[in-house]
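Reckoned from all heavy atoms, side chains included, excluding hydrogens, waters and symmetry mates.
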Amino acid sequence: MEPCLRHDVTDGIATVVIRNPAKRNAMTPAMWRALPPLLDRLAADPAVRALVLTGHGDTFCAGADIGSLSATYEETTGLALPAEEALAAFPKPTLASVRGYCVGGGCQLAAACDLRFADEDALFGITPAKLGIVYSPGSTRRLVELIGPASAKYLLFSGELIDTARALRTGLVDEVLPDGGLDKRVAEFTRVLVSRSQLTQAAAKEFAAGPAGADRVAYWQEQARAGEEAGEGIAAFLERRAPRFGWTPPVS
């Protein structure tokens, strides 16, 4: 099969699979270009409540397929950045499910997700220093915000790979699962995400991305009043039943 991004939607969860097994799921130019429009379609699908990004087989993504790129700064950086930004801007919760290598552009994509769960044998690295590439300001800032300046400098300066113990300690991953446990845990956790209030998740995701202006605070307050999510949540708690949250993102 040609390198591609495969996807499906099941029970509210969109799963996007990076597939290029001949090169440890490295991203080709066509795959980088395909990711933003795919994410746009999934974001607009009301059936999608959360998204999981993973790799085919026993590895997540070994970065950009360097052999398919010309040796120019513009091409090596210009393809990955729009894909990263589209993933970071996805309006619903995103989770990277990582096994094996999560390196270079693969780690860049994982860092753009809201959460990262990893198999205990996964390896992480950001490798522009091995190629003489200037990592983009936005990608650098996102990494610093995620793991702090010292850990970000360690990865960026050295290009060395780190194991899950260090990745967990620095905050690069949120949970590490024993061998054979990753898929089960991701399925369990995404079911939890689907059961929660989309209103809470959407507002929290926007606020976590940076300071919110008064107009955006007012917008979310109005959505909370109109959506009546809190009333349903409190009633469900008092009645000892699962809440039936009804708010959905307004159609733009």
Side-chain angles (χ1 to χ4, degrees), residues 5 7-18 25 35 38-39 42-43 45 48-55 59-61 80 83-126 138-139 141-148 151-152 155 162-210 245 249:
L5 299 174
H7 74 280
D8 65 67
V9 179
T10 304
D11 297 330
I13 305 300
T15 301
V16 176
V17 181
I18 303 167
N25 296 331
L35 187 55
L38 172 59
L39 293 174
L42 293 173
D45 185 347
V48 173
R49 301 282 300 272
L51 181 141
V52 174
L53 180 68
T54 192
T59 198
F60 182 74
C61 174
E84 176 194 356
E85 294 298 336
L87 186 55
F90 195 79
K92 302 164 188 180
T94 57
L95 187 152
S97 177
V98 179
R99 52 171 56 86
Y101 288 94
C102 180
V103 179
C107 199
Q108 191 174 348
L109 290 175
C113 291
D114 297 313
L115 300 165
R116 287 147 297 280
F117 288 8
D119 181 85
E120 62 184 353
D121 292 328
L123 292 169
F124 298 82
I126 300 178
S139 303
R141 186 164 53 252
R142 179 170 290 114
L143 185 66
V144 169
E145 290 173 351
L146 181 62
I147 65 175
S151 294
L155 291 174
I162 62 172
D163 61 15
T164 50
R166 183 162 187 161
L168 184 64
R169 188 168 67 249
T170 62
L172 186 57
V173 298
D174 299 284
E175 291 191 17
V176 174
L177 286 306
D179 184 42
L182 180 61
D183 290 343
K184 179 181 179 183
R185 176 56 180 151
V186 169
E188 291 173 347
F189 189 77
T190 51
R191 283 196 295 270
V192 170
L193 294 179
V194 167
S195 73
R196 304 309 195 215
S197 167
Q198 289 192 82
L199 173 66
T200 301
Q201 292 169 345
K205 183 157 184 171
E206 182 175 323
F207 293 163
F245 294 119

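Legend: salt bridge (Lys or Arg N to Asp or Glu O under 4.0 Å) pairs involving residues 89-107, not counting sequence neighbours, sorted by first then second residue: Arg99-Asp183. Listed by first and then second residue, the salt bridge (Lys or Arg N to Asp or Glu O under 4.0 Å) pairs involving residues 8-17 amount to none (not counting sequence neighbours).
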When you look at Glu188 and Val186, which way does the side-chain contact (heavy atoms from CB on, under 4.5 Å) test go after all the steps? CA-CA 5 Å; Glu188 291 173 347; Val186 169; over 6 Å; no

Step-by-step side-chain contact (heavy atoms from CB on, under 4.5 Å) determination, Leu123 to Ile162: CA-CA 6 Å; Leu123 292 169; Ile162 62 172; over 6 Å; no

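In this model, no donor atom of one side chain and acceptor atom of the other lie less than 3.5 Å apart for Glu120 and Thr164. Between the side chains of Thr94 and Asp114, at least one donor N or O lies within less than 3.5 Å of an accepting N or O.
With contacts defined as side-chain heavy-atom distances shorter than 4.5 Å, the pair Val176/Phe117 does not qualify. Thr54 places none of its side-chain heavy atoms less than 4.5 Å from the side chain of Ile18. Annotation: side chain of Val17 is in contact with side chain of Thr15 (closest heavy-atom distance under 4.5 Å). Put simply, the side chain of Leu115 does not reach to within 4.5 Å of the side chain of Pro93, judged on heavy atoms. Side-chain contact check for Phe124 versus Cys102: some heavy-atom pair is nearer than 4.5 Å. Between Gln108 and Ile126 the shortest side-chain heavy-atom distance does not fall below 4.5 Å. You'll find the side chain of Leu199 stays beyond 4.5 Å of the side chain of Phe245, heavy atoms only.
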Under 3.5 Å, sequence neighbours excluded: what are the donor-acceptor pairs made by side chains of residues 166-174?
unit_1: Thr170; atom_1: OG1; unit_2: Arg166; atom_2: O; d: 3.2
unit_1: Thr170; atom_1: OG1; unit_2: Ala167; atom_2: O; d: 3.1
unit_1: Asp174; atom_1: OD2; unit_2: Arg116; atom_2: N; d: 2.8

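Centroid-to-centroid, the aromatic rings of Tyr101 and Phe60 stay 6.0 Å apart or farther.
Taking both residues in full, the closest heavy atoms of Ala88 and Lys205 are given as O-CE, 3.9 Å, listed atom of the first, atom of the second, then distance. The two residues Ala50 and Leu193 make their nearest non-hydrogen contact at CB-CD1, 4.3 Å. When all heavy atoms of Leu39 and Ala83 are compared, the closest pair comes out as CD1-O, 4.4 Å. In terms of heavy-atom proximity, Arg49 sits nearest to Arg196 at NH2-O, 3.0 Å. Shown here for Ile147 and Ala152, the closest heavy-atom pair between the two residues is CD1-N, 3.6 Å. The two atoms that bring Gly125 and Cys107 nearest to each other are O-CB, 3.4 Å, heavy atoms only.
Remark: the backbone N or O of Leu182 is not paired with any side-chain donor or acceptor of Asp119 at under 3.5 angstrom. Under the 3.5 Å distance criterion, the side-chain polar atoms of Glu84 are left unmatched by any main-chain donor or acceptor of Ala112. Distance alone, capped at 3.5 Å, is enough to place a donor-acceptor pair between the Thr190 side chain and the Ala187 backbone.
Taken to the nearest 0.5 Å, the CG atom of Leu51 stands 8.5 Å off from the CD1 atom of Ile13. Put simply, CG on Leu53 and OG on Ser97 are 9.0 Å apart, with the number rounded to the nearest 0.5 Å.
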